[in-house]
Amino acid sequence: MGPNLLPNYGEAVAMILFVIGFANLLLQKNIIKKIIGLNIMDTGTYLFLALKGYIAGRVAPIIVDGVTEAENYINPIPSGLVLTGIVVSVSVTALMLSLTVRLYKRYNTLNLDEISTRLKKEGI
Amino acid sequence: MDVIRNFPAVSILMCIFAGIISSGLKGKAARKVNAVLMCIVTVLNLATLMYTIELKTYFVYVMGMFPAPWGNELRVSVMEASMALFFCIVMMLSVAGGIKKLGDEVADDKLHLYYVLMDLLLSSLLALCYTNDLFTAYVFIEINTIAACGLIMIRQNGRTIEAAVRYMVMSLLGSGMILLGICITYDITGHLLMSNIKEGMVRALEGGEYAIPVLVTITLLSVGLAIKSALFPFHAWLPDAYGYSTVSSAAVLSSLVSKGYIFLLFKIIYRVIGFDIYCDSRIIDVLFIFGLMGMIFGSTSAIRENDIRRMIAYSSVAQIGYIYMGIGMGTEFGMTAGIFHIFTHGATKSLLFIAAIGLTDVSGGSRKFIEITGAGYRHKWAGIGFTVGALSMVGIPLFAGFISKLLFAEASLSLGYKALPALIVLGISTILNAIYFMKTVIRIYTPVENSGYETVGFKNGRLYTVVIIAFIVLNVVLGVASDRIVDLIHMGLAVFA
């Protein structure tokens, strides 16, 4: 906290997004809202990475006009990491959604707590 | 024998390709592919272990064309190779032990998917063992999670799907934290390779201004992995997930999946953060306290349980607590004991799950305690297997569990203010373990008049007996040859960092 907060407002926003998503994923009862929370959480992380990877005034490291000094380019790895992360989170989201479809077909509700109480009543 | 250097990478890739091929095969063919794969991978890892023991240090396998600070690499030493070999052996035995039961548990048209998931799980476990790149580790953590989730829900009933959702939610919270931790680590140090990160960490801490970000990173990585490996307050998903999935899934999940994450935590402690920096942070006290609480609360929940599978599942919570107590001690001996307990718990818990299925099957398929009375007479080998597993978990000499308890007790003596709580909780936990395991053993050997129990689904197979005997041998070997294994762990830890 202090003088660095204002220049780094992007990172602060990313962290706030992360916490919002985390809390939603943890606390929501509705499975769809949980999944939305998951996506917000991941997006926060990617925003953080993308911000850290970008340096104002520099361009992506693709040499077009013979400029080879590293000072002119940004580090491409954070962008690569963001892409990888997006792929992972898409597949995880798809898996969660398919599980949700299964549960909804069986119990006609999206509320995880209600499903648990019903399961306890069923016995097995 | 430089060709052996390729074996770790080959074994990981072979698992992935076997998974891809199996997705297009019929169930039985996929089973054959899986069986052959596991045999080959076990042999490859055994060769790697032999090679590293001879080598006495680590070797690096560069993946792709780029050298150290940029490229991706595997790093192999005794520690990684022995853990990978152990994972392969336990997985092979667990799958073989549950193979007869699988026909009842999984629909025929889904059988090949089961083996696809097993192949992918093995590949991710091996990758978590061998990789030296933090982001690769993250990707394989996610593959591990997805495969484990599939293994839980492949037995289609309401319980397993609900358990899978709960498992996914907790796992994703953990992965989110790990991912953020990795991102901050990368921002602080500018590296993704573990050994380079450590140099960067030391440099970042010299200035003093990065103390808080480093602490945040350590916290995020440790808590994320603790959530994923079901340390005490985050264990709510565990009993359902282990209790209602197929028997091989339960054995593999409890003895391998959580251990993969814990092994990664060991790697992070030694190779990414650095042992001293990690021990100076207060996070190890937190892990220590939650480990102790897990040892007690896991056991008390197990005592209250009326269902044998769920009881064994709750016992896992206690055993995970032991390992985290070892980490929380923050000494070399504590870590050694923790790693030894990974072996112990892996070998014993899968034995218990496999034996429990034999006991419930000769009791009309019921898992309630009252129904399994005398089951030890109806199914001889399952009874013996369960007894051995129970004795090992309680900590009777000759079996593996005794050695890990001994190591934990020895390690706690040199601790100072942590020594007393560690010893007291170790004692209490042992008594609690004895209560619920011995209760079960006495029950399965209580003779009953009425022998009219129906035997369901269990064709008293020779394979099952072989698996039970192999698990018992594994347990006894861990218990008897513990000197060699502890030496091996010390040797591994010396070159681990």
Review point. If you check every heavy atom in residues 13-29 of chain A against those of chain B, which residues fall under 4.5 Å?
Key: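 Residues of residues 13-29 of chain A touching chain B at under 4.5 Å: A:Met15, A:Phe18, A:Phe22, A:Leu25, A:Leu26.
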May I ask you to test the [X]-[Y] pair for a side-chain heavy-atom distance under 4.5 Å?
X	Y	result
B:Glu162	A:Ser116	yes
B:Leu172	A:Lys34	no
B:Ile161	A:Tyr107	no
B:Phe135	A:Ile77	no

Which heavy atom of [X] sits nearest a heavy atom of [Y], and at what distance?
X	Y	value
A:Met41	B:Gly176	CE-CA, 3.5 Å
A:Arg102	B:Gln156	NH1-OE1, 2.7 Å
A:Leu119	B:Arg159	CD2-N, 3.7 Å
B:Met168	A:Leu99	CG-CD1, 4.1 Å

Review point. Do other residues, nucleotides or ligands put more than 12 heavy atoms under 6.0 Å from the CZ atom of B:Phe232?
Key: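 Above 12, so yes.
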Practice item. Count the heavy atoms belonging to other residues, nucleotides or ligands that lie under 6.0 Å from NZ of B:Lys368, then report whether that count exceeds 12. Key: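 Above 12, so yes.
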Point to revise | Best-contacting candidate, A:Asp42, A:Leu103, A:Thr84, A:Leu49, against chain B by heavy atom pairs under 4.5 angstrom | key: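 It is A:Leu103.
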Check your understanding: Highest number of heavy-atom pairs under 4.5 Å with chain B: which of A:Ile115, A:Leu112, A:Ile35?
Key ->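 Among the listed options, the one with the most contacts to chain B is A:Leu112.
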Exercise for review: Sort B:Ile182 into side chain, backbone, both or neither according to what part of it lies under 4.5 angstrom from a heavy atom of chain A.
Suggested key: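 For B:Ile182, neither part sits under 4.5 Å from chain A.
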Point to revise | Nearest-0.5 Å distance that lies between atom SG in B:Cys183 and atom CG in A:Leu51 | key: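 CG of A:Leu51 is found 11.5 Å from SG of B:Cys183.
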Review point. Looking at B:Val165, B:Thr145, B:Val139, which has the largest count of heavy-atom pairs under 4.5 Å with chain A?
Key: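 Heavy-atom pairs under 4.5 Å are most numerous for B:Val165.
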Review point. In terms of heavy-atom pairs under 4.5 Å, which option from B:Tyr186, B:Trp70, B:Tyr138 contacts chain A the most?
Key: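 The answer is B:Tyr186.
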Practice item. Mind running side-chain contact (heavy atoms from CB on, under 4.5 Å) on A:Tyr46 and B:Leu179 for me, showing each step along the way? Key: CA-CA 10 Å; A:Tyr46 305 143; B:Leu179 180 60; 3.9 Å; yes
Practice item. Start with the C-alpha gap between A:Lys52 and B:Ile184, add the side-chain angles, then the distance that decides, and say whether side-chain contact (heavy atoms from CB on, under 4.5 Å) holds. Key: CA-CA 9 Å; A:Lys52 283 292 173 194; B:Ile184 299 177; over 6 Å; no
Practice item. Give, as side chain, backbone, both or neither, the part of A:Leu81 having an atom under 4.5 angstrom from any heavy atom of chain B. Key: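 Both backbone and side chain.
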